[in-house]
Trainee: 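Quick one: this structure, given as structure tokens, is what I'll be asking you about.
Proteins get letters first, then strands, A, B, ... in listed order; numbering begins at 1 in each.
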Number of protein chains: 2
Amino acid sequence: MTTEMPPTDFDLDHFLPYRLDRLADRVSEALAQLYETHYGLNVAQWRVLAWLHHRHELTAKQIRAATRMDKARVSRAVQVLEGRGLIVRRPSPRDQRLHDLRLTETGQALMVELVPQVRAWEAELVAPLTTEEYHRLLDMMARLERQLRDDAR
Amino acid sequence: MTTEMPPTDFDLDHFLPYRLDRLADRVSEALAQLYETHYGLNVAQWRVLAWLHHRHELTAKQIRAATRMDKARVSRAVQVLEGRGLIVRRPSPRDQRLHDLRLTETGQALMVELVPQVRAWEAELVAPLTTEEYHRLLDMMARLERQLRDDAR
DNA sequence: GCCAGATAGTTGCACATGAAACCATATAGG
DNA sequence: CCTATATGGTTTCATGTGCAACTATCTGGC
């Protein structure tokens, strides 16, 4: 019962995947407060709106690529958002399989209200970092992502 | 229909929560390959094993605190692991409500086999970073977490 | 032009998860 | 002691998600 076995012991506090997951989870949870409680959006719906706000017009496929969500998940989020009148969906004139998605006036208004709050919240989150650190952080994260992509193949 | 609306546009690629989530998701997915395909463990189960390997003996409550998982989720992971003979669970002598969890010989053997693989994988992941960068990364992440904790209250 | 894949998106199904109700045990106050 | 309350852990239930099957449309080869 004392200390019989530290054979391959590894310290989870210095294990990047664990730390990353914990942080992402906490950040996500805190951010969700903003759009969930006040606007009744779940994560998937928020992501769709954020991308449409960012890019103006996208198809489900493009959103799927950007958010790494399953296509069914995107599809369902879109249905709800359309039902709530926050986005419109119309078949692309070029290809009837594709549906161009856009924010409606209402959806746009919602985002115009929500985005500044989200930004302010993020600013507070990253307040402990200097601007340079923040850039380095994003840069390191980009390199890690690239490494994953390269590993994969 | 042209370019009517970039009023509060914000760039998701420089939005930390988004980037963090995407990276954590990819890392988690890649890591899961190691324990899922070869050892049939899901995320929750892996986390329980990792903590028991790390800390030797814990209660469900402690694991819950460490992993930020719901207690029901921990409970179910424990059931499966016990069923597979990877951990043992016995009521704590001090308090019958608590159950002390430990790896069995088999569970220990599995981790002795798995952990080095995980470590090697992590080493490859962080290869693009210098040792100092890696430390800075963890440090920045810690500061962000602290900020979240302080915000919350 | 027409058929054989490919591709965008939807739906059915099985499963994992979180919230809440629940059970068992512990502890504190009378 | 004995009751009231708190706490660790389990189970139930509703919900969200991923995978796979499906539908509708498109595209390339003949």
Trainee: Please work out if B:R89 contacts a base, only the sugar-phosphate, or nothing of the nucleic acid, heavy-atom cut-off 4.0 Å.
Mentor: sugar-phosphate

Trainee: Could you walk me through whether A:T59 and A:L101 pass the side chain to side chain contact (heavy atoms under 4.5 Å, CB included) check?
Mentor: CA-CA 6 Å; A:T59 66; A:L101 306 172; 6.0 Å; no

Trainee: For nucleotides 3-8 of chain D, which of its nitrogen or oxygen atoms have a protein nitrogen or oxygen under 3.5 Å away, and what is each distance?
Mentor:
| unit_1 | atom_1 | unit_2 | atom_2 | d |
| --- | --- | --- | --- | --- |
| D:dT7 | O4' | B:R97 | NH1 | 3.4 |
| D:dT7 | O2 | B:R97 | NH1 | 2.8 |
| D:dG8 | OP1 | B:K61 | NZ | 2.5 |
| D:dG8 | OP2 | B:K61 | NZ | 3.2 |

Trainee: Does OP1 or OP2 of D:dG9 have a side-chain N or O of B:Q96 closer than 4.0 Å?
Mentor: no

Trainee: Not counting sequence neighbours, which residues clear ring-ring contact (aromatic ring centres under 6.0 Å, His included) with A:W46? List them please.
Mentor: A:Y35

Trainee: Give me, pair by pair, the N or O atoms of the protein and of nucleotides 15-19 of chain D that are less than 3.5 Å apart, along with how far apart they are.
Mentor:
| unit_1 | atom_1 | unit_2 | atom_2 | d |
| --- | --- | --- | --- | --- |
| D:dT17 | OP1 | A:R73 | NE | 3.2 |
| D:dT17 | OP1 | A:R73 | NH2 | 2.9 |
| D:dG18 | O6 | A:R76 | NH1 | 3.4 |
| D:dG18 | O6 | A:R76 | NH2 | 3.0 |

Trainee: Heavy-atom distance under 4.5 Å between the side chains of B:L16 and A:L137, does that happen here?
Mentor: yes

Trainee: Taking side chain to side chain donor-acceptor pair (under 3.5 Å) as the definition, give me every residue that meets it alongside A:Y39, ordered by chain and number, with sequence neighbours left out.
Mentor: A:E113, A:Q117

Trainee: Who are the salt bridge (Lys or Arg N to Asp or Glu O under 4.0 Å) partners of A:R68, not counting sequence neighbours?
Mentor: B:D25, B:E29

Trainee: Using the test salt bridge (Lys or Arg N to Asp or Glu O under 4.0 Å), find all partners of A:E133 that sit at least two apart in sequence or belong to another chain.
Mentor: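 Once residues adjacent in sequence are excluded, the partners of A:E133 under the salt bridge (Lys or Arg N to Asp or Glu O under 4.0 Å) criterion are B:R143.
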
Trainee: How many whole angstroms separate atom CZ of B:R64 from atom C1' of D:dG9?
Mentor: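 Value for this atom pair: 10 Å.
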
Trainee: Determine: side-chain N/O of B:S75 to OP1/OP2 of D:dT10, distance under 4.0 Å, yes or no.
Mentor: yes

Trainee: Could you check how far CZ of B:R94 sits from P of C:dA26, rounded to whole Å?
Mentor: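 To the nearest whole Å, that distance equals 12 Å.
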
Trainee: Looking only at heavy atoms, what is the nearest atom pair of B:A77 and B:V48, with distance?
Mentor: CB-CG2, 4.0 Å

Trainee: Go through residues 29-40 of chain B and report each residue with a non-hydrogen atom lying under 4.0 Å from DNA chain D, sorted by number.
Mentor: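 None, since no heavy atom is under 4.0 Å.
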
Trainee: When you look at B:S75 and B:K71, which way does the side chain to side chain contact (heavy atoms under 4.5 Å, CB included) test go after all the steps?
Mentor: CA-CA 6 Å; B:S75 175; B:K71 57 198 220 168; over 6 Å; no

Trainee: For B:H14, give me all partners under side chain to side chain donor-acceptor pair (under 3.5 Å), at least two apart in sequence or on another chain.
Mentor: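 Result, side chain to side chain donor-acceptor pair (under 3.5 Å) vs B:H14: B:D11.
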
Trainee: So, using side chain to side chain donor-acceptor pair (under 3.5 Å) as the criterion, who are the partners of A:R22 when residues are at least two apart?
Mentor: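 By the side chain to side chain donor-acceptor pair (under 3.5 Å) rule, A:R22 matches A:Y18, B:E145.
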
Trainee: Please list, chain by chain and in numerical order, all residues satisfying salt bridge (Lys or Arg N to Asp or Glu O under 4.0 Å) with B:D21, sequence neighbours excluded.
Mentor: A:R47

Trainee: Using whole Å, what does the distance between atom C1' of nucleotide C:dG9 and atom CG of A:L58 come to?
Mentor: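 Atom-to-atom, A:L58 to C:dG9, this comes out as 15 Å.
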
Trainee: Polar atom pairs between nucleotides 1-5 of chain C and protein, under 3.5 Å, N or O only, would you list them?
Mentor:
none

Trainee: Which residues pass the salt bridge (Lys or Arg N to Asp or Glu O under 4.0 Å) test with B:R76, sequence neighbours left out?
Mentor: none

